Each structure stands twice: as C-alpha cells, then as structure tokens.
Amino acid sequence: MLNVVIFGAPGSGKGTQSELIMKEFELDHISTGEVLRNEIREGTELGKIADEYISKGQLLPDELIIDILGKELDGKKDSKGVVFDGFPRTIPQAKALKKMLNERGTDVAVMLDLHVEEDELVRRILERGKLSGRQDDNLETIKSRLEVYHNQTAPLAGYYREEGTYHAIRGGGTIEDIFGLIKKKLDSLVTDSQDTQAHG
Ligand code: AP5
Ligand code: MG
C-alpha cells in the first residue's frame, strides 16, 4: 500500500494536494477535519464536541481522534493506499497510526511536509473564508491554529525524520508546480517498490 501523510500548517494546501494525489495514484483520502465538519453539519454528539474545539482552533483530544481514524481506516480495507490529511497532529497520534497500519501489514511510505510562508498561509485562509463558511477561517482563530501547529504539530517532522520517511516540499508556488514535486517523489516510491517486488 502507498500510504502518504500530507503534512503542513493550516492553509498549506493539504486538502488541495490530497485531491490531486488521490486522482493520480488512485488512493483513498482520510481528512480528519472533513470528518469532523460532516459531524458538525449533521449535528451529532461528536459534532457538538468538535465544534467547540474547532471554533477555538484547538486540537480535539488524541483518544477521540484516534478512535475516529480507526473507524475510517476500517472502511478502506481493499485500498491501494490512503492519503492521511490533517492526521497525525501529535506524537501520540503518529504512534497510533503506525500501530494501526502495522496491524494491517503496512506502514507510512512517506510524510510530505508542505512548507509555506506564514503571511501566505493567512492570506489563503482569509481568502477561502469569504466563501467557505468554515467557522475557523477568521483572523483570530487562524492565529490560534498557527500557534497550536507550531507547538503541538510541527515537532512531528522530527518523528518522521527518525522514521526515515520525511520529505519536505516547497509549498509556495502554483498548485500545479507543487503537485509536480509531489508526483516526482511518489513516482520514485512506486518504482522502488516495484523493483523490490521484482528482485525480492
Ligand atoms: P483541518 O481541516 O485539518 O484544517 P487545517 O489543518 O487547519 O488546514 P486547512 O484545511 O485550513 O488547510 P489545508 O492545508 O488543507 O489547505 P487547503 O488545501 O484547504 O483541521 C481543522 C480543525 O479540526 C483543527 O483545527 C482541529 O480543531 C480539528 N482537527 C482535525 N484533525 C485533527 C487531529 N488529527 N487531531 C485533533 N484535532 C483535529 O488550502 C487552503 C486555501 O488555499 C484553499 O482555499 C486553496 O484553494 C488555497 N490554495 C491551496 N494551494 C494553493 C496554492 N499553491 N496557491 C494559492 N492558493 C492555494
Ligand atoms: Mg484541509
């Protein structure tokens, strides 16, 4: 399986690039943010809890989000691979993901870290906020999301460096250029795994 963690600050292009990766490599996509926003729309109990955290730009508790991820993964049993978007966001989430994938005989193939300047992140999210209806696309919540990202999520780069799967991507150009860089990396992983299968 080609399991890809797409990583980066809020507004770095995780969702945008996930769509392109899915289409090109025929992978599934799990976005924990999307799952939570659906729960909010449907007015479920989980949605009510999620709403409180998301509107403040805070992370939901690890146990809750790991449980959600497990259920999503169970729904993708015959997948060629999954793009994980917005998960993991903490070290315990990364360890839980590894355990869940290992139990299914697989692992994370690569972590793609999208690097984008902070003023560009803010500009993109404010622009999207004009239409998105996302309750976290306003300046106050963006500041808190960025702070949470730096304090709790960015340290995952070190975790994946140790795992040997870290790969930085310049995330500041056009959507097509960025996807070109991602495609090059993923193509090389696909070729490597075919070589391994062919030569044992
Ligand atoms: P989540 O939904 O994951 O949001 P996020 O990480 O804040 O990121 P965004 O979705 O805002 O941005 P993105 O990186 O996907 O960029 P996009 O492609 O949209 O999480 C939301 C909340 O849910 C969290 O704050 C937390 O409360 C909770 N949550 C979720 N997962 C959790 C977890 N694992 N643990 C705990 N809590 C969790 O692009 C942004 C905009 O820019 C778009 O309008 C796009 O069109 C535009 N754009 C993209 N690329 C470019 C480009 N190259 N040039 C110009 N514009 C571009
Ligand atoms: Mg997103």
Side-chain angles (χ1 to χ4, degrees), residues 4-22 29-41 46-73 82-98 100 108 111-156 159 169-182:
V4 178
V5 170
I6 186 114
F7 190 81
S12 58
K14 300 184 292 296
T16 304
Q17 296 297 331
S18 291
E19 293 292 325
L20 298 172
I21 298 170
M22 277 170 70
H29 178 209
I30 300 179
S31 158
T32 41
E34 285 300 326
V35 171
L36 297 173
R37 283 187 287 277
N38 282 337
E39 297 283 335
I40 293 175
R41 243 173 263 131
L46 174 59
K48 285 176 195 146
I49 298 169
D51 193 30
E52 292 201 10
Y53 287 94
I54 292 181
S55 56
K56 293 188 196 116
Q58 300 294 321
L59 299 184
L60 274 81
D62 283 335
E63 315 81 70
L64 200 63
I65 208 91
I66 289 167
D67 189 48
I68 294 171
L69 204 274
K71 288 185 184 128
E72 290 291 316
L73 211 47
V82 178
V83 184
F84 295 94
D85 163 3
F87 184 99
R89 275 175 134 96
T90 62
I91 302 280
Q93 290 183 21
K95 289 184 175 163
L97 177 62
K98 187 174 177 66
M100 283 188 264
V108 170
M111 187 267 221
L112 301 171
D113 187 0
L114 296 168
H115 285 235
V116 181
E117 300 279 333
E118 191 146 318
D119 52 357
E120 168 74 3
L121 296 171
V122 175
R123 197 187 59 73
R124 286 185 191 175
I125 300 178
L126 286 178
E127 185 60 32
R128 180 181 60 193
K130 292 178 189 166
L131 294 170
S132 71
R134 271 179 62 164
Q135 78 263 48
D136 56 348
D137 282 352
N138 58 76
L139 197 54
E140 197 188 335
T141 313
I142 294 170
K143 280 186 186 150
S144 138
R145 286 159 71 191
L146 288 171
E147 200 177 301
V148 166
Y149 172 76
H150 289 300
N151 294 334
Q152 299 183 52
T153 303
L156 279 180
Y159 174 87
I169 296 278
R170 258 183 293 116
T174 67
I175 291 172
E176 294 72 27
D177 286 349
I178 298 159
F179 182 62
L181 298 172
I182 291 177

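Only a predicted model underlies this, so the values are computations on that prediction, with no experimental measurement involved. Whatever order the structure lists them in is the order used to number ligands and atoms, beginning at 1.
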Q | Non-hydrogen side-chain atoms of E52 and K48 separated by less than 4.5 Å | A | no
Q | Geometric N/O contact G11 with ligand 1, under 3.5 angstrom | A | yes
Q: Looking only at distances, please establish whether an N/O atom of ligand 1 is found under 3.5 Å from an N/O atom of P88.
A: no
Q) What part of R145 sits under 4.0 Å from ligand 1 if we count only heavy atoms: the side chain, the backbone, both or neither? A) side chain
(Q) Just so I know, are the side chains of L46 and I68 near enough to count as touching, which here means a heavy-atom distance under 4.5 Å? (A) yes
Q: Would you mind running through ligand 1 and noting each atom that sits below 4.0 Å from a heavy atom of I178?
A: 53 (N)
Q) Does any non-hydrogen side-chain atom of V83 lie less than 4.5 Å from one of I30? A) no
Q. Would you call R123 and D119 a salt bridge, using N to O less than 4.0 angstrom?
A. no
Q. At what distance is the nearest protein heavy atom to atom 41 (C) of ligand 1, and which residue and atom is it?
A. R124 CB, 4.0 Å
(Q) So, regarding R37 and ligand 1 (criterion: nitrogen or oxygen to nitrogen or oxygen, under 3.5 Å), is there a contact or not? (A) yes
Q: Answer with yes or no whether R134 contacts ligand 1, where contact means a heavy atom under 4.0 Å from a ligand atom.
A: yes
Q | S31, portion touching ligand 1 at heavy-atom distance under 4.0 Å | A | neither
Q. Going by the order shown, which atoms of ligand 1 are within less than 4.0 Å of some heavy atom of Q93?
A. 33 (C), 34 (N), 35 (N), 36 (C)
**Q.** Side chain to side chain, L59 and T153, heavy atoms closer than 4.5 Å
**A.** yes
Q) What about R89: any of its N or O atoms under 3.5 Å from an N or O on ligand 1? A) yes
Q: Keeping the roles fixed (side chain from T141, backbone from D137), state whether a donor-acceptor pair exists under 3.5 Å.
A: no
(Q) Side chain or backbone, does R128 bring an N or O within less than 3.5 Å of an N or O on ligand 1? (A) yes
Q: Can you sort out which atoms of ligand 1 are near G15, meaning under 4.0 Å from one of its heavy atoms?
A: 13 (P), 15 (O), 18 (O)
Q. Does an N or O from T16, backbone or side chain, lie closer than 3.5 Å to an N or O of ligand 1?
A. yes
Q: Would you check if the side chain of Q17 reaches a backbone N or O of G13 as a donor-acceptor pair within less than 3.5 Å?
A: no
Q | ligand 1 N/O within reach of R123 N/O, cut-off under 3.5 Å | A | no
Q.
So if I count the atoms of ligand 1 from 1 in the order they appear, which ones are less than 4.0 Å from some heavy atom of L36?
A. 23 (O), 28 (C), 29 (N), 30 (C)
Q.
For V116, is there any backbone N or O sitting under 3.5 Å from a side-chain donor or acceptor partner on S12?
A. no
Q. What protein heavy atom sits nearest atom 22 (C) of ligand 1, and how far away is it?
A. I54 CG1, 3.9 Å
Q. Taking only heavy atoms of A9, which atoms of ligand 1 are found under 4.0 Å from at least one of them?
A. 14 (O)
Q. Are the side chain of E147 and the backbone of G57 linked by a donor-acceptor contact shorter than 3.5 Å?
A. no
(Q) For the residue pair D51 / Q135, report whether a side-chain donor-acceptor contact shorter than 3.5 Å exists. (A) yes
Q) Under 3.5 Å, N or O to N or O, is F87 touching ligand 1 that way? A) no
Q) Who's the nearest protein heavy-atom neighbour of atom 16 (O) of ligand 1, and how far? A) G13 N, 3.1 Å
**Q.** Protein contact of atom 37 (N) of ligand 1 - nearest heavy atom, named by residue and atom, plus distance
**A.** L60 N, 3.1 Å
Q) Under 4.0 Å from ligand 1, counting heavy atoms only, is it the side chain of I65, its backbone, both or neither? A) side chain
Q) How far is atom 31 (N) of ligand 1 from its nearest protein heavy atom, and which residue and atom name does that atom have? A) T32 OG1, 2.8 Å
(Q) Out of all atoms in ligand 1, which are within 4.0 Å of some heavy atom of G173? Include the element for each. (A) 52 (C), 53 (N), 54 (N)
Q) At a 4.0 Å cut-off, with the gap strictly under it, does some heavy atom of A50 reach an atom of ligand 1? A) no
Q. Under 3.5 Å between some N or O of ligand 1 and some N or O of K14?
A. yes
(Q) Test your reading of the structure: does Q58 have an N or O sitting under 3.5 Å from an N or O of ligand 1? (A) yes
